[in-house]
Amino acid sequence: MFNIISYILFLSVSSYITIDVGRRCYNAGKYYLDYLIHDANLCLTINRILLGCYYLINLGYISINLSNWDKVNSLEQVFTVTAIKIGYITLILCFLHFINIFTLYFLRKNLTIK
């Protein structure tokens, strides 16, 4: 019974975080990409590809987390295990976000030097 509660809690919080962060990065990414690339069509295409990859990576990671879930025997473990799993997802999101920002920045920097 505690596993089901932790699954529901994990899925609801991680889904909300994934969708909200994806929407925010997509909306803010338009302006950042436009600043870096100066081509509206290319910016829109890159932004959509990044959003699609973002959702696929997160859905895959959430699925892997659910398949590797330990047995939860108490309410205390529900919150502990769920918080740890959500923390991993949050760290991965931050890491991927900064990788994307720095990659686009360095690509732009290398293209303008030539």
Side-chain angles (χ1 to χ4, degrees):
M1 179 65 182
F2 289 115
N3 271 16
I4 295 172
I5 294 169
S6 61
Y7 290 161
I8 292 170
L9 185 62
F10 173 73
L11 285 174
S12 61
V13 172
S14 61
S15 298
Y16 173 76
I17 290 171
T18 300
I19 291 168
D20 188 53
V21 169
R23 182 182 49 82
R24 289 175 191 255
C25 289
Y26 179 78
N27 290 332
K30 294 175 192 175
Y31 305 110
Y32 183 71
L33 288 172
D34 188 43
Y35 170 75
L36 293 176
I37 298 173
H38 305 297
D39 182 2
N41 291 331
L42 183 60
C43 291
L44 184 62
T45 302
I46 290 172
N47 207 17
R48 286 180 180 165
I49 289 171
L50 287 173
L51 182 66
C53 291
Y54 165 82
Y55 283 137
L56 288 174
I57 287 171
N58 283 302
L59 289 174
Y61 187 72
I62 289 169
S63 300
I64 289 170
N65 263 335
L66 284 177
S67 67
N68 294 329
W69 207 279
D70 295 331
K71 178 89 171 133
V72 179
N73 297 318
S74 68
L75 193 58
E76 180 183 347
Q77 283 183 330
V78 167
F79 292 116
T80 304
V81 171
T82 306
I84 289 170
K85 300 285 186 176
I86 290 171
Y88 285 142
I89 286 177
T90 306
L91 287 173
I92 287 173
L93 291 179
C94 292
F95 181 72
L96 291 175
H97 177 67
F98 283 114
I99 285 176
N100 285 337
I101 287 175
F102 288 127
T103 301
L104 292 170
Y105 173 75
F106 288 121
L107 284 175
R108 172 67 178 157
K109 188 176 177 183
N110 289 338
L111 291 176
T112 56
I113 293 173
K114 293 180 181 180

Exercise for the section: Return yes when atom OH of Y55 has more than 12 non-hydrogen atoms of other residues, nucleotides or ligands closer than 6.0 Å, and no otherwise. Expected result: yes

Practice task
For atom CG of L91, decide whether the heavy atoms of other residues, nucleotides or ligands shown that lie under 6.0 angstrom number more than 12.
Solution key: yes

Handout entry: Residue pairs passing the side-chain hydrogen bond (donor to acceptor under 3.5 Å, both in side chains) test where at least one lies in residues 4-22, sequence neighbours excluded
Key = S6-W69, D20-R23, D20-R24

For the pair [X] (side chain) and [Y] (backbone), establish whether a donor and an acceptor sit closer than 3.5 Å, ignoring hydrogens and angles.
X: N3; Y: K71; value: no
X: Y32; Y: I101; value: yes
X: N47; Y: Y26; value: yes

Is [Y] reachable from [X] through a run of hydrophobic residues whose side-chain heavy atoms are each under 4.5 Å from the next?
X: I8; Y: L11; value: no
X: I84; Y: F2; value: yes
X: F79; Y: I4; value: no
X: I57; Y: L59; value: no

Practice task
Could you tell me whether the side chain of N65 reaches within less than 4.5 Å of the side chain of I89, counting heavy atoms only?
Solution key: yes

Exercise for the section: Any salt bridge (charged side-chain N to carboxylate O under 4.0 Å, His left out) involving residues 74-92? Give me the pairs, sequence neighbours left out, ordered by first then second residue. Expected result: none

Problem - Value rounded to 0.5 Å, distance of CZ in F95 from CG in N100 - result: 10.5 Å

Exercise for the section: To the nearest 0.5 angstrom, please state how far the CG atom of L96 sits from the OH atom of Y54. Expected result: 9.0 Å

Handout entry: Worked verdict on F10 versus V81 for side-chain contact (heavy atoms from CB on, under 4.5 Å)
Key = CA-CA 9 Å; F10 173 73; V81 171; over 6 Å; no

Exercise for the section: Run the numbers on N58 and I17 for side-chain contact (heavy atoms from CB on, under 4.5 Å), then give the verdict. Expected result: CA-CA 10 Å; N58 283 302; I17 290 171; over 6 Å; no

When the side chains of residues 37-46 are checked against the rest of the protein, which donor-acceptor pairs come out under 3.5 Å, sequence neighbours left out?
{"residue": "H38", "atom": "ND1", "partner": "D34", "partner atom": "O", "Å": "3.3"}
{"residue": "H38", "atom": "NE2", "partner": "Y35", "partner atom": "O", "Å": "3.2"}
{"residue": "H38", "atom": "NE2", "partner": "R108", "partner atom": "NH2", "Å": "3.2"}
{"residue": "T45", "atom": "OG1", "partner": "N41", "partner atom": "O", "Å": "2.9"}

